[in-house]
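What's counted below: heavy atoms across the whole structure, side chains too, no hydrogens, waters or symmetry copies. Start at 1 and go down the list; that is how both ligands and their atoms are numbered.
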Amino acid sequence: MPAAATADATAARLARLGIHGARDLVLHLPLRYEDETRLTPLDEARPGVPILVEAEVVESKVEFRGRRTLVVKLDENGRELWVRFLHFYPSQQKQLAPGKLVRLFGEVRPGFFGDEMVHPRYRIVAKGAALPKSLTPVYPTTAGLSQQLLRDRINGALDTLDLGDTLDDDLLSELKLMPFREAVLALHRPAPDVDAASLEDRTHPAWRRLKFDELLAQQLAMRIAYRERRAKSAPALPDAHTLTNALVKSLPFPLTRAQRQAHAAISRDLSHPHPMRRLLQGDVGSGKTLVAAMAAMQAIENGWQAALMAPTEILAEQHYLKLSHWLEPLGVKIAWLAGGQKAKARREAVEAIARGDTQLAIGTHALFQEGVEFAKLGLAIVDEQHRFGVEQRLALSSKAGGLEPHQLMMSATPIPRTLSMSYYADLDVTVIDELPPGRSPVVTKLVAEDRRDEVIERIREACAEGAQAYWVCPLIEESEALQLATAIETFETIRDTFPDLKVGLVHGRLKPAEKAHVMAEFKAKRIQLLVATTVIEVGVDVPNASLMVIEHAERMGLAQLHQLRGRVGRGPRQSLAVLLYYQPLSELARERLKAIYETSDGFEIARRDLAMRGPGEYLGARQSGAPLLRFADLERDLDLVEQARDTAEKLLKAKSPAVARHIDRWLGSRQFFLKA
Ligand code: ADP
Ligand code: MG
């Protein structure tokens, strides 16, 4: 291969590890270390512990032992050592000629002829050659990239790059952190007497320094994004108490304390001439929709438009029905916009939005597609925000002409504190921590599949007494076609099982109008038992439905089970969720089912889910925007997260030059993501 092509291939492989330049090399940290700083005599070798041995070649030959094998016999102070290579080059046999002195690194095991090493790493040495002074780092790598190449490149970067500190000495001693240069050298070239355990479990002060730096970069980027947003202009929409009050007066129930507080925070944001980015979190059923409706009223009473976007058509439709019911009596003009709409209806909606005749537009992401121009969008509300992609969120902020619209995001997936302190630090967060009164908690039962008959009996009795139930189909993640087939099959089985009940079916492939029809029939109690895929997971609200059976519950994620279960327990009737599971259960599935059985608190469930799965799932759309943390662990390093947050605030306030230095070192080219 020509040299240029090899260099390109190497660059591509390095890029796969996230290494694009010398700075990335410095931050490519070892997974573990090997101790080649001292020789170990063969008779001190212990099983499972790799050691460095020095021995002289006595003989080397190629043998056939099922396959060609290079067998080398060595002498270590009178003891025999046998080495076998199953893959080798002809040159290796020549290289390992009798009389050569070799240093071998690997595990020694009792073999066919005596002590044996298989495929050790080795080097021919001169007598008395110096040993390395530091432990040998082992780096995360990828196919085709050798440890030696990585080591050479990283050593080169360490020797040539400016490793000067981004932070002042005073700050470092205040934070009890070691200098950056010392920290990276300690990690890449640890002294032989280092506390190896603290390197491996990443508690060594050098690790703490790098974790802190990484977290600080994240905090700085988030806080800067926050400040930049606060510097932009948005319409000031003070609470005029006309429509908002009218809405509250028209309701058959009072707001909960938590709803009042959430409204107050949002109302305050809206009254400022800077764009709000507030995340409203509340467990399923906590009444977020009403709080969103009040925010929309505040925008509308100021003469601006509001938009409410939901991730699925079912959910958007429900919002449309509910808000029409609440707001049309108040004279609010509402438009509906979704993908599956007829061309004419869509055109009319789009025109009304552009003329400003529509005050509130509700729909799916169709709301923010090409050709939809709001006359005067003051507030965009995004329900279940984590289900939308970054692009969709961007599209949304670009439709306000001169001023940025305010944004209210809602989520029923509670975000654990550590996450909201880090990845969500550019948002303001409000939590609704209370459910409306009169709800009875859902009883959850775990039932093995072989007791299915009892479950069927129970549903039959309950439906005979006027209850309604959901029957959730098994989740088939691999294929949408298979998911559809399973849904139809489940529907047919259930219909045959319950000949006396009216059974309906709703799944993701139904046309929007068909979906709406089925949901309306269920709401009107003309369907008693609704077979559904997980499309009902989000936001569906039918208070009379008090039973839910989830098939193959062991296949579902914890957050998903919690969301599904939240569809019942919305009315005065005692509700029941039956989780049917198939054995044998994997360890993870067992843990999930245990968690969902033991607790109904969304935050506790989120915490356990985070512990089981890591933060990736929670970040959803954010994941592709903000780079994930490589070194720090949000749970384990909570103290560092807090320290980094406070330090970021302090540096920004003091307009310290450390801010630019630090961001440059840690985020470099990745900074642009954070502008989004
Ligand atoms: P979520 O937070 O899951 O989106 P919803 O907004 O769908 O919850 O509210 C769940 C149900 O509770 C709806 O039927 C809604 O009308 C009702 N609700 C909302 N606020 C109250 C309240 N303060 N008192 C009683 N019921 C309420
Ligand atoms: Mg909702």
Looking at [X] and [Y], would you say the former's side chain and the latter's main chain have a donor-acceptor pair under 3.5 Å?
| X | Y | answer |
| --- | --- | --- |
| Gln407 | Val382 | no |
| Arg592 | Gly557 | no |
| His406 | Pro235 | yes |
| Ser575 | Gly569 | yes |
| Asn302 | Trp304 | no |

Checklist entry - Going through the distances and angles, do Glu554 and Leu446 end up as a side-chain contact (heavy atoms from CB on, under 4.5 Å)? => result CA-CA 10 Å; Glu554 79 281 359; Leu446 303 179; over 6 Å; no
Atoms in ligand 1 flagged as close to [X], the criterion being non-hydrogen separation under 4.0 Å:
| X | result |
| --- | --- |
| Thr289 | 4 (O), 5 (P), 6 (O), 7 (O) |
| Lys322 | 13 (C), 14 (O), 15 (C), 16 (O) |
| Pro436 | 21 (C), 22 (C), 24 (N), 25 (C), 26 (N), 27 (C) |
| Arg570 | 3 (O), 7 (O), 10 (C) |
| Thr256 | 23 (N) |

For ligand 1 and [X], I'd like to know whether there is a polar contact (N/O to N/O, distance under 3.5 Å).
| X | result |
| --- | --- |
| Lys288 | yes |
| Pro254 | yes |
| Gly285 | yes |

Next on the checklist: Can you tell me if Met410 contacts ligand 1 (heavy atom of the residue under 4.0 Å from the ligand)?
Outcome noted: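 Flag not set, Met410 not near ligand 1.
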Next on the checklist: Looking at non-hydrogen atoms alone, which of Gly287, Gly566, Gly282 comes nearest to atom 8 (O) of ligand 1?
Outcome noted: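 Nearest heavy atom to atom 8 (O) of ligand 1 lies in Gly287.
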Checklist entry - Would you call Arg645-Glu642 a salt bridge at under 4.0 Å N-O? => result no
Checklist entry - What do we get for Pro543 next to ligand 1 when only non-hydrogen atoms under 4.0 Å count, side chain, backbone, both or neither? => result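 No part of Pro543 is near ligand 1 at this cut-off.
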Item to check | Tyr582 ring center near His552 ring center (under 6.0 Å) | outcome: yes
